[in-house]
Amino acid sequence: MAKSSYDSKAIEVLSGLDPVKKRPGMYTDTTNPNHLIQEVLDNSVDEALAGHCSKIKIILYKDQFIEVIDNGRGMPVDIHPEHKISGIELILCKLHAGAKFSGNEYNFSGGLHGVGVSVVNALSQNLEAKIKRDAKEHLITFSNGDKVNDLSVIGEVGARNTGSSIKFKPNKDYFETDKVDTKSLIKLIKAKAVLCPGLTIEFYDEKKSFRESWYFEDGLKSYLDDAAQDLDTLLEDPIICNKEGDIQAVDFIINWSLTPSKNKLEETYVNLIPTQQGGSHLNGFKSGFLEAIKEFCDYRNLIPKGIKLNSDDVIKDAMFVISSKMQNPQFAGQTKERLDSKDHASFVSSTTKDLVSIWLNTHTEEGEKIADLAISSAQSRAKASVNVVRKKVIKGPALPGKLSDCNSQDLNETELFLVEGDSAGGSAKQARERAFQAIMPLRGKILNTWDLESTDIIKSQEIKNLSTAIGVIPGSDDLSSLRYGKICILADADSDGLHISTLLCALFLRHFRPLVKEGRIFVSMPPLFRIDCGHEVRYALDEKEKEIIVNEFKKKKGKPKINIQRFKGLGEMNPSQLRETVMDPQSRKLVNLTISSSDNANSVMDLLLSKKRSSDRKEWLEKKGSLAEI
């Protein structure tokens with residue numbers, strides 16, 4: 001129980017690297033140590049972008065140590081005039097310390113927050129940094145972020161032999177697994193080499209005795225050709241762009257695959273940092289491409305009447321890589337998964353439109369093939385949208401037969417409950433407030449939609465009915481026909497119910513993401529137990545809460561008899577119990593499904609539901625399965 005008093009003594013101030021140790025998930029991806037490697041690698045790549053580094057080595061040792069070595073200028077070893085410690089110690093021990101804030105040392109760089117390698121130090125059991133600079137080699141060591149040995153000179157080197165080496169062992173207490181995902185790491189390393197022509201990156205896995213090196217002179221074209229080698233492509237030669245301004249630049253390459261593939265190349269980067277959630281550069285690219293295609297189609301009267309192209313239509317089935325470089329990019333969160341620099345979107349958009357317009361008008365035959373793909377995508381989308389019509393006051397749409405609709409149309413109060421099974425659905429219909437609560441029973445487990453395209457999932461009758469009831473097309477950003485302000489997932493409190501809830505959460509996260517971002521998706525928390533003591537009735541969500549309630553009842557005078565009922569499912573609850581525990585706004589418990597730039601919802605869902613992650617899932621279950629509470 002929380003303390004009743006709250007005064008200044010309760011306020012904590014975290015100093016040094018303590019904020020990282022306290023909340024590591026705010027600073028890095030805690031699934032595995034890959035992001036720590038990326039932070040160190042990004043520093044070396046920034047040296048390459050600035051023209052001071054031509055070679056980087058990444059080594060995975062058998063004893064779980066990881067080392068990143070470069071031949072850059074070497075991190076500063078002189079004493080900082082204000083903080084009175086060496087530059088390398090400042091970089092590794094202080095958050096928001098670095099040489100990339102002003103732009104004087106690095107024109108384009110990814111490490112802008114000054115927390116990257118200090119996070120690595122904080123979350124590493126051991127870390128040693130070796131610096132070759134000023135004809136000497138220096139060494140400083142740390143343990144769990146704390147300095148073990150001061151910076152010292154350990155040898156002499158040639159005056160031109162410069163560089164930095166960071167060797168660290170991640171502390172497994174902060175990660176779900178201390179194993180490096182080598183497959184995704186290799187993909188990242190290769191992309192870095194592609195995006196920085198002239199840079200050689202070597203990788204060595206000591207445990208597997210695997211060694212590989214990457215060096216690309218023509219960059220993006222080699223990368224896309226490699227990804228498309230087993231696919232039929234629309235264009236014989238891809239569309240390539242290279243545009244550099246005073247403070248920003250963009251490179252992109254695009255082609256279209258005629259072979260169905262779930263693993264198309266769709267990657268975006270900012271200063272060689274992968275932005276998995278896209279952002280301003282991707283939005284600008286799609287916007288500019290759409291304008292160019294529409295202009296091309298309008299001039300030739302290619303678009304059928306009633307069809308409107310959108311930005312997703314023009315890149316349907318496309319393989320592309322977008323690499324932006326800019327000063328002071330604004331990222332959403334420390335993990336830098338999405339770019340939020342609004343000005344850059346207009347730069348990329350205008351650049352893309354100009355280049356693509358010229359290309360289309362000089363490659364008219366291929367341009368019409370691209371237009372045909374976009375028009376075909378728009379027609380499929382329009383056909384799917386016929387199934388979703390907003391409820392009208394006078395004449396309603398053909399809503400699913402199992403939907404028991406509400407009377408109100410006010411999004412500020414309307415609620416749709418997606419209920420597991422017809423039995424529970426029947427009780428919920430009796431328990432609801434007809435004025436603003438609608439009920440739609442679901443038939444068992446819905447389709448796993450995590451790996452599927454939005455245009456494909458609508459073929460499932462269950463999802464089609466769900467889409468019609470909600471009033472939103474899967475994959476669409478248009479919420480103008482939304483029929484309910486809250487959409488509540490209501491499933492049993494057992495493992496099957498949790499599975500159904502997970503599948504529905506994945507459906508909304510992947511295909512109805514705008515609803516999640518607006519905070520309209522909720523998960524109901526039905527009780528697992530009913531505890532009666534005399535005339536008092538309490539409900540418990542789980543075993544732990546049940547024990548707390550039982551212990552409270554045992555303290556009552558006279559030691560009254562305690563009866564405990566365990567619900568096997570929602571169908572066992574009568575309408576009054578269902579109303580009190582999961583439907584009455586005054587007494588129910590709802591969890592709002594939200595997503596932020598700092599969480600790892602996508603990677604967790606991918607691990608749980610993706611078919612291509614079955615081996616990772618098996619490994620994760622073998623490691624974590626014993627932690628499940630039954």
Side-chain angles (χ1 to χ4, degrees), residues 108 195 219-221 223-224 233-257 264-271 275 277-304 307-327 329-330 338-379 381-382 475-478:
F108 301 132
L195 297 168
L220 292 180
K221 189 175 186 305
Y223 193 36
L224 188 134
T233 55
L234 181 69
L235 308 178
E236 186 175 344
D237 294 308
I239 302 174
I240 302 176
C241 170
N242 176 261
K243 174 70 178 291
E244 185 167 343
D246 294 333
I247 59 172
Q248 53 191 336
V250 65
D251 296 88
F252 71 73
I253 186 168
I254 184 169
N255 203 339
W256 283 260
S257 172
K264 296 197 306 288
L265 185 67
E266 296 178 353
E267 296 177 1
T268 61
Y269 298 83
V270 175
N271 296 352
T275 44
Q277 296 180 14
S280 307
H281 50 336
L282 177 59
N283 295 338
F285 171 74
K286 291 163 69 173
S287 172
F289 217 108
L290 175 62
E291 287 185 47
I293 287 287
K294 286 173 68 175
E295 188 179 85
F296 178 79
C297 290
D298 289 344
Y299 182 74
R300 288 163 177 76
N301 198 26
L302 298 176
I303 303 177
I307 296 297
K308 290 185 177 180
L309 300 182
N310 68 21
S311 58
D312 290 325
D313 294 326
V314 298
I315 61 168
K316 183 79 164 53
D317 298 323
M319 303 176 293
F320 60 84
V321 181
I322 306 167
S323 175
S324 286
K325 297 185 181 75
M326 57 189 304
Q327 291 181 353
Q330 302 299 311
R338 188 178 76 247
L339 179 68
D340 274 356
S341 300
K342 302 298 183 285
D343 293 343
H344 190 60
S346 58
F347 170 77
V348 176
S349 179
S350 60
T351 299
T352 304
K353 182 185 181 299
D354 292 345
L355 181 133
V356 174
S357 293
I358 294 171
W359 189 94
L360 290 171
N361 287 295
T362 53
H363 301 76
T364 53
E365 187 177 339
E366 292 176 307
E368 289 183 0
K369 291 180 181 179
I370 296 171
D372 286 342
L373 286 180
I375 293 167
S376 176
S377 174
Q379 288 172 327
R381 184 169 45 80
S476 173
D477 292 333
D478 183 9

Stepwise side-chain contact (heavy atoms from CB on, under 4.5 Å) test for Asp251 and Lys325: CA-CA 9 Å; Asp251 296 88; Lys325 297 185 181 75; 3.8 Å; yes
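For the pair Ser287 (side chain) and Asn283 (backbone), a donor-acceptor distance under 3.5 Å is absent. Ser346 places a side-chain N or O within 3.5 Å of a backbone atom of Asp343 that can act as its donor or acceptor partner. Panel note: side chain Thr362, backbone Ile358; a donor-acceptor pair is recorded below 3.5 Å.
Atom CD1 of Ile315 and atom CD1 of Ile293 lie 11.5 Å apart (nearest 0.5 Å). If you take CG on Leu235 and CG on Asn255, they are separated by 4.5 Å, rounding to the nearest 0.5 Å. The OG1 atom of Thr275 sits 8.0 Å away from atom CD1 of Ile322, with the distance rounded to the nearest 0.5 Å. The structure places OG of Ser324 at 10.5 Å from CZ of Phe285, a figure rounded to the nearest 0.5 Å. Residue Gln379 holds its CD atom at 9.5 Å from CG of Leu309, rounded to the nearest 0.5 Å.
You'll find the side chain of Tyr223 reaches within 4.5 Å of the side chain of Leu265, heavy atoms only. With a 4.5 Å cut-off on side-chain heavy atoms, Ile240 and Leu220 do not count as touching. Between Phe320 and Leu282, some side-chain heavy-atom pair lies under the 4.5 Å cut-off. Put simply, the side chain of Lys286 does not reach to within 4.5 Å of the side chain of Val314, judged on heavy atoms. Contact annotation: the side chain of Val348 never approaches that of Phe252 to less than 4.5 Å [non-hydrogen atoms, C-beta and beyond]. Between Leu302 and Phe296, the closest side-chain pair of non-hydrogen atoms falls below 4.5 Å. Met319 has its side chain out of reach of Trp256: every pair of non-hydrogen atoms, C-beta onward, lies at least 4.5 Å apart.
Taking the salt bridge (Lys or Arg N to Asp or Glu O under 4.0 Å) definition, one finds that Glu267 meets it with Lys187, sequence neighbours left out. With sequence neighbours excluded, no residue forms a salt bridge (Lys or Arg N to Asp or Glu O under 4.0 Å) with Asp317. For Lys294, there are no salt bridge (Lys or Arg N to Asp or Glu O under 4.0 Å) partners at least two apart in sequence or on another chain. With sequence neighbours excluded, the residues satisfying side-chain contact (heavy atoms from CB on, under 4.5 Å) with Thr351 are Cys241, Lys243, Val250, Phe347. Remark: Ser341 engages Met326, Pro329, Gln330, Leu339, His344 in a side-chain contact (heavy atoms from CB on, under 4.5 Å) (not counting sequence neighbours).
The shortest heavy-atom contact between Asp340 and Ser280 is C-OG, 3.4 Å. Contact record, Leu290 with Ser311: CD2-N, 3.7 Å, taken as the closest heavy-atom pair. The heavy-atom pair separating Gly288 from Thr352 by the smallest distance is C-CG2, 4.0 Å. Of all the heavy atoms in Ser323 and Leu195, the pair that sits closest is CB-CD2, 3.5 Å.
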Side-chain donor-acceptor pairs of residues 363-378 under 3.5 Å, sequence neighbours excluded:
residue	atom	partner	partner atom	Å
His363	ND1	Trp359	O	2.9
Ser377	OG	Asp313	OD1	2.7

